[in-house]
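Just below is one structure, and these are the notes that go with it.
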Amino acid sequence: MACVFGPIPSRRLGRSLGVDPVPLKTCNWNCVYCQLGRTRPLTNERRVYVPLPVILSELEQALATRAPDEIDWVTIVGSGEPTLHSEIGELIRAIKRITTLPLAVITNGALLYLPDVRANLCAADAVMPTLSAGSASVYRALHRPHPETTFERLLEGLIAFRTEYCGKLWVEVMLVRGVNDSEAALRDLASALQRIQPDRIDITLPERPPAEPWVEPPDAGGLMRATVILGTAAHVVHPAEGSFDLRGYATPVEAILAIIARHPMRVTELERALTRWAPDQVHEALRTLEASGAARLIERYGSQFWCAADAFYAPAAPTQ
C-alpha cells in the first residue's frame, strides 16, 4: 500500500494505522534531525498530492482486514508535512465517517497561521504539532524552514489554534544537543509554550538517523534542564516497542520498502519486523534492493540503517 501503512508501534499513540497523504519529503521544513533525510527542494505549495479516493480505498481495505482491537488510532502523518495536502480537511471528515477509531494528525504546525488549515484540523481527536524553539534564531537553526514559514507565523498559528480547537493538543519538543538544550533556549521555549497552553508536552530525542551527522541527543544535564524548565506538563517520550503489521505485503522486498520509506531501520530491526520470512530471505531482499538502487545504507550513531534510496543524508565526516 502506498498511502496507508501499519499498524505500527507509536510511542505516543499505541498501535497506529498511518495515513500518508504526501510523497517522500514533501515538506516546508528541512530539519537537521529528520530521520527521512534532507528536504530537497523545500516546498510550501498546498495541492492534492494523492487523490482522496486512492487514500480512502486503501484505508477501507486496511480497516477491513484488522480487528478493532488491533488499532488504537488512525494517524495522518506524512513522509513530509501532511497539511500541504490541500484536501486534508476532506480527508479527516471522510476518515471520521469510515471509522469510529480516534484520529490524530501529526504536523509541524507551520501552516496553522492559515485560518482554513486550522479549520481543516479541528475535526481531529488529537493534533500533535512541533514546537522545539522559542526564538526565531533557534527555529531557523533547527528546522531550516521555507522562507514563508517564519517563527512568528508558527507561534501565531499555534496560539490561534489553541483558542479554536476542542480536541487534544499535544505539542512535541525535539531536543538536539547544542541547539535548543541550553538554559536560555529552554526558557524561551517555555515562554512560548506558556502562551499556547497545550494539553501535553512530549519531549522527544533524535534516535533514528538524522539528516545531519552532527545531530546528537542532549546529555543528561540537558535533558534534566528541559524537564525542569518546561514544567510539569512536559515528559520524555521513550521509543515504542512492538512489531510492525506487514500482512498486506506479499514479499520481503515489498515489506522492507514500505517500512524504510518512513522508518529507516537497522538489519536486526528488520529481521524482528519481518518474522514471516527467514533471516536469509530478509538479507537476500536487502541485497536485491541495494543492487537495484531502491534502498541504501546510512551510518549514524555507530550503526548502519537501511533507508529509501531517494532520501538524502549529509555524509558523515571521515574518521582520522
For the residue pair [X] and [Y], what are the closest heavy atoms and their distance?
{"X": "P102", "Y": "D72", "value": "CG-O, 3.2 Å"}
{"X": "P82", "Y": "P21", "value": "CB-CG, 3.9 Å"}
{"X": "N108", "Y": "C27", "value": "ND2-SG, 4.2 Å"}
{"X": "Y165", "Y": "A124", "value": "OH-O, 2.8 Å"}
{"X": "P7", "Y": "R15", "value": "O-NH2, 3.4 Å"}
{"X": "P218", "Y": "L223", "value": "CB-N, 4.1 Å"}

Enter the distance from [X]:[atom1] to [Y]:[atom2] here, rounded to the nearest 0.5 Å.
{"X": "R276", "Y": "Y249", "atom1": "CZ", "atom2": "OH", "result": "10.5 Å"}
{"X": "E212", "Y": "C34", "atom1": "CD", "atom2": "SG", "result": "10.5 Å"}
{"X": "R262", "Y": "C307", "atom1": "CZ", "atom2": "SG", "result": "14.5 Å"}
{"X": "L154", "Y": "T130", "atom1": "CG", "atom2": "OG1", "result": "8.5 Å"}
{"X": "T227", "Y": "H235", "atom1": "OG1", "atom2": "NE2", "result": "12.0 Å"}
{"X": "S135", "Y": "L155", "atom1": "OG", "atom2": "CG", "result": "11.0 Å"}

Could you walk me through whether D219 and R177 pass the side-chain contact (heavy atoms from CB on, under 4.5 Å) test, one step at a time? CA-CA 7 Å; D219 59 19; R177 186 184 304 183; 4.1 Å; yes
List the atom pairs, donor and acceptor, that lie under 3.5 Å between side-chain atoms in residues 193-201 and the rest of the protein, sequence neighbours left out.
from	atom 1	to	atom 2	distance (Å)
Q197	NE2	Q194	O	2.8
D199	OD1	R162	NH1	3.4
D199	OD2	R162	NH1	3.2
D199	OD2	L169	N	2.8
R200	NE	D202	OD1	2.9
R200	NH2	D202	OD2	3.2

Please write out which residues are connected to [X] in a hydrophobic cluster, directly or through intermediates, given that two of Ile, Leu, Val, Met, Phe, Trp, Tyr count as joined at side-chain heavy-atom separations below 4.5 angstrom.
{"X": "W214", "value": "V32, Y33, V138, L142, M174, V176, V179, V215, Y301"}
{"X": "Y313", "value": "I298, F305"}
{"X": "L24", "value": "L36"}

Do R153 and E156 pass the salt bridge (Lys or Arg N to Asp or Glu O under 4.0 Å) test, and can you show the C-alpha distance, the side-chain angles, and the key distance before you say yes or no? CA-CA 5 Å; R153 282 181 163 178; E156 167 198 331; 5.7 Å; no
As a quick check of understanding, evaluate side-chain hydrogen bond (donor to acceptor under 3.5 Å, both in side chains) for E271 and H283, giving each step before the final call. CA-CA 9 Å; E271 288 175 353; H283 285 258; 2.6 Å; yes
Out of curiosity, does [Y] fall in the hydrophobic cluster containing [X] (side-chain heavy atoms, cut-off under 4.5 Å, transitive links)?
{"X": "V54", "Y": "V4", "result": "yes"}
{"X": "L84", "Y": "V48", "result": "no"}
{"X": "V173", "Y": "V237", "result": "no"}
{"X": "L52", "Y": "V22", "result": "yes"}
{"X": "I98", "Y": "L103", "result": "yes"}

Steps toward side-chain contact (heavy atoms from CB on, under 4.5 Å) verdict (L186, V228): CA-CA 10 Å; L186 288 166; V228 170; over 6 Å; no
For residues 87-96, please give each side-chain donor-acceptor pair under 3.5 Å, one per line with the distance, not counting sequence neighbours.
from	atom 1	to	atom 2	distance (Å)
K96	NZ	D125	OD1	3.2
K96	NZ	D125	OD2	2.6

Are [X] and [Y] close enough that some pair of their side-chain heavy atoms sits under 4.5 Å apart?
{"X": "H263", "Y": "Q35", "answer": "yes"}
{"X": "M128", "Y": "V105", "answer": "no"}
{"X": "L131", "Y": "L158", "answer": "yes"}
{"X": "V127", "Y": "T107", "answer": "yes"}
{"X": "L257", "Y": "L289", "answer": "yes"}
{"X": "T83", "Y": "N120", "answer": "no"}
{"X": "E254", "Y": "T251", "answer": "yes"}
{"X": "L101", "Y": "L17", "answer": "no"}

Test item: [X] side-chain N/O and [Y] main-chain N/O as donor-acceptor pair under 3.5 Å:
{"X": "D181", "Y": "G178", "value": "yes"}
{"X": "Q281", "Y": "A278", "value": "yes"}
{"X": "E164", "Y": "F161", "value": "no"}

Is there a donor in the side chain of T26 and an acceptor in the side chain of E81, or the other way round, less than 3.5 Å apart?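 E81 and T26 do not have a side-chain donor-acceptor pair below 3.5 Å.
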Y139 vs W29 aromatic rings, parallel, tilted or perpendicular, using cut-offs 30° and 60°?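 Because their plane-to-plane angle is over 60°, the rings of Y139 and W29 count as perpendicular.
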Show me the pairs that pass side-chain hydrogen bond (donor to acceptor under 3.5 Å, both in side chains) and involve residues 43-57, at least two apart or across chains.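 Sorted result for residues 43-57: N28-N44, N44-E148, R46-D116.
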How would you list, by chain and number, every residue that makes a side chain to side chain contact (heavy atoms under 4.5 Å, CB included) with [X], sequence neighbours excluded?
{"X": "S292", "result": "A294"}
{"X": "A285", "result": "P252, V253, I256"}
{"X": "N30", "result": "R38, T39, L42, R144"}

Could you give all pairs that pass the salt bridge (Lys or Arg N to Asp or Glu O under 4.0 Å) test and reach residues 221-232, with sequence neighbours left out?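 As it turns out, there is no salt bridge (Lys or Arg N to Asp or Glu O under 4.0 Å) pair with a partner in residues 221-232 once direct neighbours are skipped.
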Please list all pairs passing the salt bridge (Lys or Arg N to Asp or Glu O under 4.0 Å) test where one or both residues lie in residues 294-316, with sequence neighbours left out.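 Non-adjacent pairs meeting salt bridge (Lys or Arg N to Asp or Glu O under 4.0 Å): zero.
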Could you go through the side-chain contact (heavy atoms from CB on, under 4.5 Å) check for L175 and N180 one step at a time? CA-CA 6 Å; L175 286 183; N180 64 343; 3.9 Å; yes
Applying side-chain contact (heavy atoms from CB on, under 4.5 Å), run through I71 and L63 and close with a yes or a no. CA-CA 9 Å; I71 304 170; L63 290 170; 3.9 Å; yes
If you apply the rule salt bridge (Lys or Arg N to Asp or Glu O under 4.0 Å), what do you find for R287 with E284, and how did you get there? CA-CA 5 Å; R287 286 191 291 270; E284 180 58 33; 2.8 Å; yes
When the side chains of residues 73-80 are checked against the rest of the protein, which donor-acceptor pairs come out under 3.5 Å, sequence neighbours left out?
from	atom 1	to	atom 2	distance (Å)
T75	OG1	S16	OG	2.7
S79	OG	D20	OD2	2.4

